[in-house]
Peer 1: 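The following block contains the structure, expressed as structure tokens.
Lettering follows sequence order; numbering is per chain, from 1. Source: prediction; values computed, not measured.
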Amino acid sequence: MVSNKAQIKIQQMVFMLLAVFILFVLIGLIVMSSRLSKLKNSVTELKEKEALELVSKLANSPEFSCGNSYGNQKSDCIDYDKLMALKSNINNYKDFWGVSNIEVRKMPNKDVNCTFENYPNCDAIRLINEEMLGYSVSNFVSVCYKEKEGETVSNKCDIGKLIISYEEAEL
Amino acid sequence: MKKKAQLDTSFAWIFAIIVGAVVLSLAIYGVYKFSNMQRTQQSAESSKQVDVYLDALESGYETGQKINLVAPVETRILSYCTLDQEFGRQKIQILEKTYDRWTQTGVNITSRNKYIFSENPIEGKKFIAFSKPYEFPSENSYEFSFKIADLIYLISSEDNYCFIDAPYEIEREIENLNADNLMTENCSEESLKICFDGNEDDCYAEVERNNNGNGIVTKYSKEMPFDSDALMYAAIFSYKELYECQLSRVIKRAEQLTLIYEEKARIEMTQGCTADMGANLAGFRSILHEYDYSNELYIISNEAKRINKQNSLSGECKLW
Amino acid sequence: MRNKNGQEEIVGFGIILIVIAVIALIFISLTLNKTGKAEVEDFESSSFLKALMEKTTSCEKNANLVAIKDLVFECGREYMCSNGEYSCDVLNETLEQSLHENWRVGSQNPIKGYSLKVNYEGDIYFNMLEGNITSEYKGSMQNYSKVNENIEIYFKVYY
């Protein structure tokens, strides 16, 4: 009878090596997914930090700030009329601030989106897209605009919210 | 006599050695690729962090903000500028010195809303960044101009700058920054001299500044005209090609802002304001659109003074 | 009896693989957990207070609408608005309304309460507390001065 001992030994060796290889691959997958998750969190954290800084500083950006047009110099004040003007030229500003969308709401908010037809009888200007996708951070700001009162033009300021949305890092 | 057993054993050993070598090679290759990825990640993170820290320099009420950037290892910062699309781009690349050589990762972080003026490259472990808002000049101090952008100046703390015979307001500004490498007196021999009165030799940069804040900075035999202190610092801390590129980007932004103010004037017309400013801004915008080179800055400045005066006379309907 | 050593070894190895896979699943689910946003960010309470102070009211003076920060001074001087309203009444009404509209409090909400105190020359002119006071809060303060007059506003959000 032909002895199959050698074949059996080779088979055993192959199975053992295969199992060890699968074990290493599994460990490798665990480590890689952990690293990938950390990298994704790190990029998302940086994006969030960027958005938080941006929220604090956006109100003072030339495209948003009131400057001296509402009496004295104001900081953290958003010019609502200028914002509407920015909305009409927003195509030039896509990707300018590195966020996916910017919204400024007058408070209290009745969720009436501002369009060129209904302005100024509205309370939310959404700049880049119609939807706020991804994560968002927000801050209170002053929102000022000109309003006709009889024969005169008055400066009006309300409490508003500046909301910035950014998307999670894709990896 | 058959020796099947002996052959059987040695074949198993050979098989195990071959497979083991393959697994080991794969593992070493994986570790090498992984460590490369880590270095790339670190460099990208550092570049993005610089971008985020520089966000803090976008000033609101305050002017002349300063931040310190500290790197864990010897670092080289390369700053590039391009003029594509509406606003152009600012690119930052960070290289780190590991094992006595600069690690080239080829990772660039780009930003459309920053204007960084620096030499190329700057090296060190500590860097100082400070900013000044740039706005067009006004005829009188009670007339306001609209801010266009914050200009950011990035220098290595290893480079010492000495401002010789600077005007009083410049001296005060430099002293208020409280940076160890920016001096107005008691300068060391190795410091880079910024000469204001034209009587010094061996100047790193020569500044001819008029009382109304405009003038020319001459550096490496190249002239860079400026119309405000913000641009003067930009010329001092950078070089001709970057200065021209960034200035073009700033003017492009001014053009877009002018368009926004034109539209704002139209919107406020429905609230009872007159449209006078709108027509004047259209003319100013076409001047901005024609801008090519810093030699034309005085044309823009003169027109800006006229526009600012008109705006200040608009009463409750001021656009800025 | 047949030797089943090989089978036993493979079974043992299989069990080790299953245990590692379970540990890996737990590990992956833990690493993918994200932390939530803080109830109130550091800058929110001070930004709200700044915006509140700049809010214009229905009180008019010299054909301009008076902002809350200026209305506090007018209330201290017992000023009557051009449209006949008493400045302190307009101030109280506007502050209450603004706080209600912007901060929802309740046991089910992340914000448990808030308080706003306005001092004019050291005297308390407005003091409002809504909801419950807790040990964790974020607060801010603004002060404004005119010639011989000083106001201080304190705002706290409890969570």
Peer 1: Between C:L52 and chain A, which part of the residue has a heavy atom less than 4.5 Å away: side chain, backbone, both or neither?
Peer 2: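 Both the backbone and the side chain of C:L52 come within 4.5 Å of chain A.
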
Peer 1: For the residue pair A:Y93 and A:W97, does the interplanar ring angle fall in the parallel (under 30°), tilted (30 to 60°) or perpendicular (over 60°) class?
Peer 2: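 Ring orientation, 0 to 90° scale: parallel.
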
Peer 1: Is C:E60 close to chain A through its backbone or its side chain, or both, or neither, when contacts mean heavy atoms under 4.5 Å?
Peer 2: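 For C:E60, the contact with chain A is made by the side chain alone.
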
Peer 1: Quick one: do the C:N150 and C:S145 side chains pair a donor with an acceptor below 3.5 Å?
Peer 2: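 Short answer, yes.
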
Peer 1: Tell me, side chain or backbone of A:D76 under 4.5 Å from chain C's heavy atoms, or both, or neither?
Peer 2: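 When you check distances to chain C, only side chain atoms of A:D76 fall under 4.5 Å.
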
Peer 1: Most heavy-atom pairs under 4.5 angstrom with chain C, which of A:C157, A:S142, A:C144?
Peer 2: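 If we count pairs closer than 4.5 Å to chain C, A:C157 comes out on top.
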
Peer 1: Is the shortest side-chain N to carboxylate O distance from A:E63 to A:K82 below 4.0 Å?
Peer 2: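 Result for this pair is no, no salt bridge flagged.
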
Peer 1: Given the side-chain rings of A:F140 and C:W103, with only the six-membered ring counted for Trp, is the space between their centroids under 6.0 Å?
Peer 2: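 Yes; C:W103 has its ring centre under 6.0 Å from that of A:F140.
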
